[in-house]
Amino acid sequence: MRAFITYYGYTDGSGEYYIVIDAEKCNSCGDCIKVCPEGALVMEAMFIDLEDKMVAAVTEEQRKKIRYTCSSCKPEEGNVPCVVACSQNAIACIWKPKK
Amino acid sequence: MTNNNNGKTEYWRWLEYRKSMPNMNWKDAKIVTAGVDVGSVGSKAVIMLDGEIYAWSVMRTGSNSSDSANKALGWAMEGTGLTLKDFQYIVGTGYGRVNVPMANRAITEIACHAKGANYIWGPTVRTVLDVGGQDVKAIRCDETGKVVSFLMNDKCAAGTGRGMEVIADLLQIPIEDVGKVSLSVTEEPEPVSSTCVVFAKSEAVGLLRKGWTKEKVLAAYLRAMATRMSELIEKVGCEKDFVITGGQSKNIGLVHRVENILGIKRLPVPNLDESGRDPASAGAIGAALFAKALYEKSQNVRG
């Protein structure tokens, strides 16, 4: 199965926080960018099979503070807007704060 | 480890190196390419003749990315008679990739590392752990060296090459020896609890005051580093064959602990002098390979 999956985020003492994007599934439509209330998503060139493909990505600035940025969408309750907006099922959210 | 101008020993300072293959001649090559990987701590340049490693250099990155790129490639070219116009294609990668002045284009280091690991160890590589100066990357790839998934942790410097330099300096143990020294403990201590290098450093100072030996503090620090890396790898999934790249691939204290936690052995490091297949230069090797592929592609389009 083809895939080019990027985990944006981190695991630290407070838990696990990731936005996961599959660059092979992404069709570059930009719907996720439009629905993100924090402006945390952008289109970025990924180098796949010697081509530059524009795919959704978390901005460099937000990658290190995703726990705070993405908490406004209440990922622990599901229905994260970018995940829901993606018609290609290219985006997932891993959200495991330590209790 | 070296002495600086004031006579103070710099334990963190690792040795730079370069080499070219005496039995190869670039004038016989059809395609001359280079990959320049400007990392946060080290800058690596690899020159390839028709896709085989010809010359390479590993230097410390200075405050200016373009200078570091120029110096690294310049050093690799030294004595070969090559000039910049002899290269058909040059790819820049790494942290400072947008500031590689002589490069035809930049490519993210993730793609380059996977490609480089595939070249160094062959098509059986599936999981690559890259321990860089300022970040840690866990990469899964297929038999062609194409990225399948990856995870990068650059949130802080603890558990990276730079963090290791800080601890080596604190404990006054030459950076080349930290791995060996850390393995001299008879019993493995609990890992340090701090995930931030600033806190880890003060925690280490506290342990020394408590009477812990240097070896034990080092073991505790490396244990913590290995634990964090293993968590990253388990997130993307660790599939055989497993390899470690980046400057810290030379740190046997770290390598042993990661192997121990994951329950899997890494593939051994090939003989560098014979082949130039240096795990610290995996990114630059991948970049030089992509440079060749991109050059060939551009020729096909034209022809």
Side-chain angles (χ1 to χ4, degrees), chain A residues 1-26 40-71 75 88-98, chain B residues 91 93 95 97-98 105-112 114-115 134-142 144-156 158-159 193-196 199 224 227-237 286-287 289-298 300-301:
Chain A
M1 198 187 78
R2 291 169 66 84
F4 195 126
I5 299 166
T6 308
Y7 289 73
Y8 296 102
Y10 51 87
T11 303
D12 68 7
S14 68
E16 288 178 31
Y17 313 93
Y18 294 99
I19 295 292
V20 187
I21 301 178
D22 187 332
E24 296 268 19
K25 285 187 186 169
C26 177
L41 294 166
V42 285
M43 278 293 162
E44 202 177 81
M46 285 278 241
F47 189 68
I48 306 175
D49 298 332
L50 298 185
E51 303 276 348
D52 284 307
K53 182 185 177 187
M54 293 307 284
V55 292
V58 176
T59 65
E60 201 132 352
E61 192 207 341
Q62 300 292 344
R63 284 170 205 177
K64 296 177 195 179
K65 50 184 184 187
I66 198 163
R67 176 186 166 202
Y68 306 100
T69 313
C70 295
S71 64
Q88 307 300 308
N89 286 322
I91 308 186
C93 178
I94 298 175
W95 206 261
K96 292 178 188 163
K98 280 187 188 155
Chain B
V91 166
T93 188
Y95 183 74
R97 64 180 171 274
V98 288
R105 66 157 293 167
I107 296 175
T108 63
E109 63 266 37
I110 309 297
C112 292
K115 192 81 184 163
Q134 229 165 61
D135 60 41
V136 179
K137 306 174 194 83
I139 308 169
R140 287 280 300 273
C141 59
D142 67 13
T144 65
K146 182 175 175 284
V147 177
V148 173
S149 70
F150 81 89
L151 196 157
M152 176 163 96
N153 193 343
D154 58 355
K155 194 161 174 262
C156 75
S193 57
S194 305
T195 49
C196 165
F199 293 136
T227 308
R228 296 191 66 204
M229 279 166 206
S230 306
E231 283 170 6
L232 277 190
I233 299 173
E234 276 163 359
K235 192 97 224 154
V236 295
L289 288 168
F290 280 135
K292 177 174 179 272
L294 286 165
Y295 174 73
E296 286 169 333
K297 196 178 147 196
S298 73
N300 287 341
V301 170

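The model shown is predicted, which means the values in this text are computed figures rather than measured ones. Here is the naming used below: chain letters follow the sequence lines, and residue numbers restart at 1 for every chain.
- For B/K137, the salt bridge (Lys or Arg N to Asp or Glu O under 4.0 Å) partners at least two apart in sequence or on another chain are B/D130, B/D135.
- Side chains of A/D52 and B/R105 form a contact here, defined as non-hydrogen atoms less than 4.5 Å apart.
- Checked against B/L151 for a side-chain contact (heavy atoms from CB on, under 4.5 Å), the options A/Y8, A/Y10, A/Y18 give a single hit: A/Y18.
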Please assess B/K297 against A/E51 for the test side chain to side chain contact (heavy atoms under 4.5 Å, CB included), listing each intermediate value before the final yes or no.
CA-CA 10 Å; B/K297 196 178 147 196; A/E51 303 276 348; 3.3 Å; yes
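- Applying a 4.5 Å heavy-atom cutoff, none of the residues of residues 56-63 of chain A approach chain B.
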Given the rule in the side chain to side chain contact (heavy atoms under 4.5 Å, CB included) test, do A/F47 and B/K115 qualify, once you have shown the distances and angles that lead to the verdict?
CA-CA 12 Å; A/F47 189 68; B/K115 192 81 184 163; over 6 Å; no
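- Residues forming a ring pair (Phe, Tyr, Trp, His ring centres under 6.0 Å) with B/F150 (at least two apart in sequence, or on another chain): none.
- In this structure, A/L50 and B/L294 approach most closely via the heavy-atom pair O-CD2, 4.1 Å.
- With a 4.5 Å cut-off on non-hydrogen atoms, B/L232 touches chain A through its side chain but not through its backbone.
- Residues passing the side-chain hydrogen bond (donor to acceptor under 3.5 Å, both in side chains) test with B/K146 are A/E24, sequence neighbours excluded.
- Between A/Y7 and B/K235, the shortest heavy-atom contact is OH-O, 3.7 Å.
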